[in-house]
Amino acid sequence: MASTGFNARVYDVVKRIPRGCVATYGQVAALAGAPRSARFVGFALHANQEPGVVPCHRVVFRDGSLAPGFAFGGPDEQRRLLEEEGVRFIPPAEADKDNAGASGWKVDLARCQWRA
DNA sequence: ACGATGACTATGG
DNA sequence: CCCATAGCCATCG
């Protein structure tokens with residue numbers, strides 16, 4: 001596959017995310033060489049969402065939420081999956097009444113955001 | 001081959 | 001505070 005360099009670069013970065021950590025689209029995009037192309041990061045994952053190859057569930061919004069409607073299996077599944085990896089989650093009551101997509105749960109980016 | 005759209009993010013009104 | 005716009009590259013019609 002590896003349709004294009006950018007695409008492959010995104011996979012390379014996402015696959016490098018350590019277990020128990022998450023990265024934002026902008027973060028992956030920046031590491032991929034396109035700090036202004038966070039949208040294409042999701043596009044790359046969508047076009048290649050290969051379970052077991054690219055942990056797209058470790059890629060979250062800048063707010064720490066996921067893509068509502070495009071989650072691999074559902075927001076509840078994603079929350080449970082990240083929790084199992086050791087990712088810390090914040091309930092909507094403690095985070096913000098804002099809608100976070102994943103049942104209102106957001107990842108504790110302050111503690112679990114991956115840093116290159 | 002061209003045009004439009006898309007898993008985002010930041011800024012402006 | 002909420003809506004609209006701008007920027008990026010790739011994929012689809």
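Order of the sequence lines fixes the chain letters, A, B, ..., with proteins taken first and strands second; residue numbering starts at 1 for each chain.
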Rounded off to whole Å, could you give me the [atom1]-to-[atom2] distance for the [X] and [N] pair?
X        : N     : atom1 : atom2 : result
A/Leu45  : B/dA7 : CG    : C1'   : 7 Å
A/Arg9   : C/dC8 : CZ    : P     : 18 Å
A/Tyr25  : B/dT9 : OH    : P     : 8 Å
A/Gln113 : B/dT9 : CD    : P     : 10 Å

Starting the side chain at C-beta, find the nucleotide from [options] nearest to [X].
X       : options               : result
A/Ala38 : C/dT11, C/dC9, B/dC8  : B/dC8
A/Thr4  : C/dC8, C/dT11, B/dT9  : C/dT11
A/Asn7  : C/dA10, B/dA7, B/dA10 : C/dA10
A/Gln49 : C/dC8, B/dT9, B/dA7   : B/dA7

[atom1] spacing across the pair [N] / [M], given as an integer number of angstrom:
N     : M     : atom1 : answer
C/dT5 : B/dA4 : P     : 16 Å
C/dC8 : B/dA1 : P     : 23 Å
B/dT5 : C/dA4 : P     : 16 Å

Looking at A/Asn48, does any N or O in its side chain come under 4.0 Å of the phosphate oxygens OP1/OP2 on C/dA10?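 For A/Asn48, the contact criterion (side-chain N or O under 4.0 Å from OP1 or OP2 of C/dA10) is not met.
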Side-chain N or O of A/Arg36 closer than 4.0 Å to phosphate OP1/OP2 of B/dT9: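 No, because none of the side-chain N or O atoms of A/Arg36 sits under 4.0 Å from OP1 or OP2 of B/dT9.
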Are any of the side-chain heavy atoms of [X] and [Y] separated by less than 4.5 Å?
X        : Y       : value
A/Trp114 : A/Val13 : yes
A/Pro55  : A/Val14 : yes
A/Val107 : A/Leu82 : yes

Exam field: side chain A/Asp108 to backbone A/Ala110, donor-acceptor pair closer than 3.5 Å: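 Answer holds: yes.
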Would you mind telling me which residue lines up with the more 5' stretch of DNA chain C, A/Arg39 or A/Ala47, judged by nearest nucleotide? A/Arg39
After noting the C-alpha distance and the side-chain angles of A/Tyr25 and A/Arg62, does the key distance pass the side chain to side chain contact (heavy atoms under 4.5 Å, CB included) rule? CA-CA 7 Å; A/Tyr25 288 97; A/Arg62 195 60 182 155; over 6 Å; no
Please classify the nucleic acid contact of A/Phe6 as base, sugar-phosphate, or nothing, using heavy-atom distances under 4.0 Å. sugar-phosphate
Write down the partner of C/dC8 under the Watson-Crick or G-U wobble criteria, each distance required to be under 3.5 Å.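 WC or wobble partner does not exist here.
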